[in-house]
Asks: 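Encoded as structure tokens, here's the structure I'll be asking about.
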Amino acid sequence: MSKETKQTVQTTGHAWDGDLQEFNNPLPTWWLWGFYATVVFAIIYWVLYPTFPIGRSYSKGLFNNVTYTTSDGRTVTTHWNTRALLMQDLEHAREMQKPYLDKIKKASFAEIAKDQDMRAFAYSKAKVLFADNCAACHQAGGAGVIGLYPNLADDSWLWGGSHEQIETTIREGRHGNMPSFKGRFSDAQVADLASYVLSLSKQQGVNPASALRGKTLFEGQAGCFACHTKAGTGNIALGSANLTDQIWTIANVPAQHTIEGKQAAIEHVILHGVSRRMPTWKGRLSDTEIKMLAFYIHGLSGGE
Amino acid sequence: MKHEKIETNAGLLIIFTLIVISIGGLVEIVPLYFIDSTVEKVTVAGKDTIHPYTPLQLRGRDIYMREGCYLCHSQMIRPFRDEALRYGHYSLAAESKFDHPFQWGSKRTGPDLARVGHKYSNQWHVQHLTAPRSVVPESIMPNFPWLIKNELTYKDIEDRMKALKDVGVPYSITEKEYQANVKRFGKKIAEQLDINHAEQNLLAEETKNNYDGIPGKVTEMDALVAYLQVLGTMVDFKQFEEDHFVKFR
């Protein structure tokens, strides 16, 4: 410590351990003015924005001029608050999107597909909607999870793959149900049924005698035909799977490399049944949003 | 009091420091208890639509906290357009008035869960909680495979409800409290809030909904999915004009 400092700087007068002293420097001028500036800022803020509690309410501030129009056409002016600002923000977005949405609402799916503007708008809106609402189950690209959630990007549609059918599926939801056949057939009969189901999609290595016995069961006593039809092509009114194509939604046949593995996958479904529910979206999404989603989902595979 | 006295007495310094720094919090928080519109009134046909959790949902909430879900998931949708589009209507203060402690959170490693209820099927939740990446490949959420294996302990459900009752949640013990709940929430909800029937209500709800897909077994999965499925569903916003809740701010 230099001699000059000792002479010019005051100390607080406190001394610890005999000679440990504390300087008493003034605050730097820039800091002090900064502090005064925040005080002034606070006072201005108190006046302009909602701040002070008054009784069971509070001061609403001078910005008493947030005006918004609701979607049913009421115009409201209120004091500054984030909920009103949100209404304003939503109104702004609604106005920007309205021309497109009006057009899409009235248009047929074919017209949307033909019109570049509508198509681009529907795709970009639906892409976001799909990510928020559909991708959790059906995956980002719509490929689904075999055994759990149907693949939307292939050519097989349990409930129909036209624009309108997809639209209904989203709006109303679906409940697919295959009962469990445990205890109703002998092990040999279940194996025969599995052989026949595999033969329908022309899998290699199926025991023809077993498949023939399975066919009799399938079309008769077992009653499989009631939902899957005698030809095994399924029924979109019931959401029953088409067994004649090589696309699998429940039994993971493609993952099995041996005929025994494929048999086992089918037998598991016959024994345990399937119950899958797709929720309804009509309360969550508007009709036009559902329409755009149907358009988008149809486009994932090209539909039917 | 001399400055030196405070500076040389650590205990006194701590006390005065605490007083000074609490002023900032107190002036912001205390008035909220007295302002009428802080917690919105949400009634449909004269009944409060926001009610305390049923016994099964309550156990689910306990598991939600035990597993630390709040560390990655918030339950607070803010009034911004992007959040409104992704998650739905902004959260109301009233929607967490029976939460002790509330689960607003401040960290969103995963998505907000304030309105996750009824968004996915029970089956999806079971699959997703057991093995998140089997349904969301890009997910970084940990697996919770024990939820479906662990049987739910619910013998202490009455004590849990009583503890919440002590901090002001309207669960009922006496006939008078039950009748007050009938008046406030309707008979169906009031029955669920009756501590005397907590255990049988919990089992009945599990049997009826079978959230985990395993009949006849009450697992922790049942409770957690029951809880997730009720989140954000107590207020039917269709019953209100879209700007109804603006006037509370």
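Quick note on labels: first sequence line is chain A, next is B, and so on, each numbered from 1. Side-chain atoms are counted along with the backbone in the values below, which use heavy atoms only and exclude waters and symmetry mates.
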Asks: Using a cut-off of under 4.5 Å on heavy-atom pairs, state which of B/Pro79, B/Ala84, B/Ser134 scores highest against chain A.
Replies: B/Pro79
Asks: Need one label for A/Ser275: side chain, backbone, both or neither, based on atoms under 4.5 Å from any heavy atom in chain B.
Replies: backbone
Asks: Do B/Asp36 and A/Arg56 sit within salt-bridge range, that is, some charged N less than 4.0 Å from a carboxylate O?
Replies: yes
Asks: Among B/Gln127, B/Glu28, B/Arg78, which residue forms the greatest number of heavy-atom pairs with chain A at distances under 4.5 Å?
Replies: B/Gln127
Asks: For A/Tyr149, is it the side chain, the backbone, both or neither that has a heavy atom under 4.5 Å from a heavy atom of chain B?
Replies: side chain
Asks: B/His128 versus chain A, heavy atoms under 4.5 Å apart: side chain, backbone, both or neither?
Replies: neither
Asks: Using the rule given for side-chain contact (heavy atoms from CB on, under 4.5 Å), can you reason through A/His92 versus B/Arg81, listing the C-alpha separation, both sets of side-chain angles and the distance that settles it, and then say yes or no?
Replies: CA-CA 10 Å; A/His92 181 64; B/Arg81 185 179 152 213; 6.0 Å; no
Asks: Which pair of non-hydrogen atoms, one from A/Gln139 and one from B/Pro137, has the smallest distance, and what is that distance?
Replies: OE1-CD, 2.6 Å
Asks: Name the region of A/Trp16, side chain, backbone, both or neither, that has any atom closer than 4.5 Å to a heavy atom of chain B.
Replies: side chain
Asks: Does the side chain of B/Ser37 reach to within under 4.5 Å of the side chain of A/Tyr58, using non-hydrogen atoms?
Replies: yes
Asks: Only pairs of heavy atoms separated by less than 4.5 Å count here; which of B/Val30, B/Asn122, B/Val135 has the most with chain A?
Replies: B/Val135
Asks: Measure A/Val76 against the heavy atoms of chain B and call it side chain, backbone, both or neither at under 4.5 Å.
Replies: side chain
Asks: Using a cut-off of under 4.5 Å for heavy-atom pairs, which of A/Pro53, A/Ser57, A/Ala136, A/Ala135 has the most such pairs with chain B?
Replies: A/Ala136
Asks: Kindly give the heavy-atom pair with the smallest separation between B/Ser91 and A/Arg83, and that separation in Å.
Replies: O-NH2, 3.9 Å
Asks: Determine the minimum heavy-atom distance between B/Glu7 and A/Glu22, stating which atoms define it.
Replies: OE1-OE1, 3.7 Å
Asks: To the nearest 0.5 Å, what is the distance between CH2 (B/Trp124) and CG (A/Leu148)?
Replies: 11.5 Å
Asks: Considering only heavy atoms, give the residues of residues 238-249 of chain B separated from chain A by less than 4.5 Å, sorted numerically, with 'none' for an empty result.
Replies: B/Lys238, B/Glu241, B/Glu242, B/Asp243, B/Phe245, B/Val246, B/Phe248, B/Arg249
